Each structure stands twice: as structure tokens, then as C-alpha cells.
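Let me begin by presenting the structure, written as C-alpha cells, before commenting on it.
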Amino acid sequence: MTVGMINANPVVHERPERAAHPHPADAIDALDVFDTVRDIKDPEHPYSLEQLSVLSEESVSVDEKLGRIQYAPLALPFLFGIACGMSSITFTPTVQHCSMATVIGLCLRLKLMQNFPPHFKIDIKVAPGSLANEDSVNKQLNDKERVAAALENPNLRQLVDECLCSNDSHSH
């Protein structure tokens, strides 16, 4: 157990297995997004965000009108009016004074940036009322410059990478 842990005894839920969900190859749905992030490890515990109920399938949405991604170079979707995907993820920290909420959000952002096209818009938010400083965290997580600056911090980047690396053994 880590000294100074905010939530030393979190509630851990069993991780349900997933069946394949066939859909058109160029479509991205909420389950695709959830499956990409479900195994990210919590920064303080050896459990996934899904096991700690920080994330659930219901906490991810993809705009139905924009959910079909046409793979094109970055500038083309905007020039030719091709729909750009939009995903929204809401996560719920295990405690209201969680000091790791920003790290969790950075993990989500980086994992999705690594796995989806650059024109796929991702909105990451803390669930309303679940964190004392939710407005500040939401602003940080959805500001490209702040995210880039945070990921340039070697200590923070190492922590994020450790959380992401841990899910490689559980990948689907």
C-alpha cells in the first residue's frame, strides 16, 4: 500500500468479458471507445478504471451523426465537409477529493489520441458533482496546450505511461 493514498480501500468490481460486436469497419461506436480505455490502470491501485467503476460503458458516448469516420488526411474532412467523429467520456473518481483525477483524464486523452484518427474530437469530463474541483480539471483536460504541456513533464508522463502500459497485457 502506498503511503499517502487518497482512497486506500476502493470498491473493486469484477471485469465482465466482452463479446465481439460487429459493425462497419469505418464506424466507431461507444463500445469501441470504451474497449480502448477500459483497461487503463488506476494511478494509485493495481486495478483498471473499469474495475474501480471510474469508467463504464454508459460513461462513453459517440455522436451518432458524427460517429462514422471517413479516414482521410487531417485537412480533408474539414475542406470537404466529411463528418469528424465526436466522443464524450465522463469519468467518476473514487473519492470527491481525488488528487489523481487529472492523471486519469490525461491517460484517457493519450490512449484515445493514440488509437483514433486525429480529426476524432474527444471531450473528457469528470462526472458532475463527483469531484470538488471538477470545473478546473475539465478545463485542463480539454485544453490542447495544457494537455501537451502536462505530457512534456517527464514525471507526469512516466506515471501516465505506466497506467497505459499496464493494459497491454489485457488488450483485446
Side-chain angles (χ1 to χ4, degrees), residues 2-7 10 28 30 32-56 59-63 66-67 69 71-79 83-171:
T2 304
V3 176
M5 193 176 287
I6 298 295
N7 185 3
I28 294 175
D32 291 324
V33 175
F34 178 70
D35 281 344
T36 301
V37 297
R38 69 188 286 215
D39 291 321
I40 293 173
K41 184 182 131 339
D42 182 84
E44 289 189 313
H45 301 287
Y47 303 108
S48 72
L49 297 180
E50 180 186 30
Q51 288 174 300
L52 296 175
S53 292
V54 171
L55 286 178
S56 68
S59 67
V60 178
S61 66
V62 173
D63 187 306
L66 301 177
I69 304 299
Y71 295 95
L74 183 58
L76 291 180
F78 305 105
L79 293 174
C84 297
M86 167 65 179
S87 174
S88 176
I89 295 183
T90 303
F91 69 97
T92 306
T94 58
V95 291
Q96 194 165 36
H97 51 279
C98 178
S99 63
M100 292 290 167
T102 303
V103 174
I104 291 169
L106 286 171
C107 291
L108 292 168
R109 167 102 27 228
L110 186 58
K111 184 70 172 179
L112 293 170
M113 286 170 46
Q114 292 171 341
N115 286 276
F116 291 98
H119 56 271
F120 194 75
K121 178 159 174 27
I122 302 160
D123 188 29
I124 298 174
K125 294 190 185 269
V126 175
S130 67
L131 190 66
N133 61 339
E134 73 184 72
D135 291 337
S136 171
V137 170
N138 288 340
K139 187 173 184 175
Q140 288 176 330
L141 294 176
N142 291 293
D143 181 311
K144 287 195 309 193
E145 288 79 23
R146 288 183 185 194
V147 168
L151 293 174
E152 287 176 9
N153 176 318
N155 295 329
L156 190 53
R157 181 59 187 251
Q158 180 180 354
L159 181 57
V160 168
D161 287 344
E162 287 170 5
C163 294
L164 297 182
C165 179
S166 68
N167 70 20
D168 289 343
S169 61
H170 296 108
S171 62

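Note that the structure is predicted; figures quoted are calculated from it, not measured.
The minimum heavy-atom distance between Gln140 and Val147, with the atom names listed, is O-CG2, 3.6 Å. Across all their heavy atoms, Val103 and Pro43 have their closest contact at CG1-CG, 3.7 Å. Taking each heavy atom of Leu141 and Arg109 in turn, the nearest pair found is O-NH2, 2.8 Å. The two residues Ile122 and Asn142 come nearest to each other via the heavy atoms O-OD1, 3.8 Å. Of all heavy-atom pairs spanning Ala150 and Leu156, the tightest one is O-CD2, 3.5 Å.
Proximity of Leu164 to Gln114: side-chain heavy atoms (C-beta onward) are separated by under 4.5 Å at one or more points.
Going from atom CZ of Phe120 over to atom CG of Leu112 covers 8.0 Å, rounded to the nearest 0.5 Å. Taking CG of Leu55 as the start and OG of Ser48 as the end, the distance is 8.5 Å to the nearest 0.5 Å. One distance of note links CG of Asp42 with CE of Met100; it measures 8.5 Å at 0.5 Å rounding. Put simply, CG on Leu151 and CE on Met113 are 6.5 Å apart, with the number rounded to the nearest 0.5 Å. To the nearest 0.5 Å, atom CG of residue Leu52 and atom OG1 of residue Thr92 are 11.5 Å apart. For the atom pair Ser59 OG and Glu50 CD, the distance stands at 9.5 Å (nearest 0.5 Å).
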Please assess Phe91 against Leu49 for the test side chain to side chain contact (heavy atoms under 4.5 Å, CB included), listing each intermediate value before the final yes or no. CA-CA 9 Å; Phe91 69 97; Leu49 297 180; over 6 Å; no
I would like to know whether Asp161 and Leu110 meet side chain to side chain contact (heavy atoms under 4.5 Å, CB included); could you show each step before the answer? CA-CA 9 Å; Asp161 287 344; Leu110 186 58; 4.1 Å; yes
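Of the possible polar contacts, none joining the Asp143 side chain to the Lys139 backbone as a donor-acceptor pair under 3.5 Å is found. In this structure, the side chain of Thr102 does not engage the main chain of Val137 through any donor-acceptor pair within 3.5 Å.
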Can you give each donor-acceptor pair under 3.5 Å made by side-chain atoms of residues 125-136, sequence neighbours left out, with the distance rounded to 0.1 Å?
unit_1 : atom_1 : unit_2 : atom_2 : d
Ser130 : OG     : Ala127 : O      : 2.6
Glu134 : OE1    : Gly129 : N      : 2.6

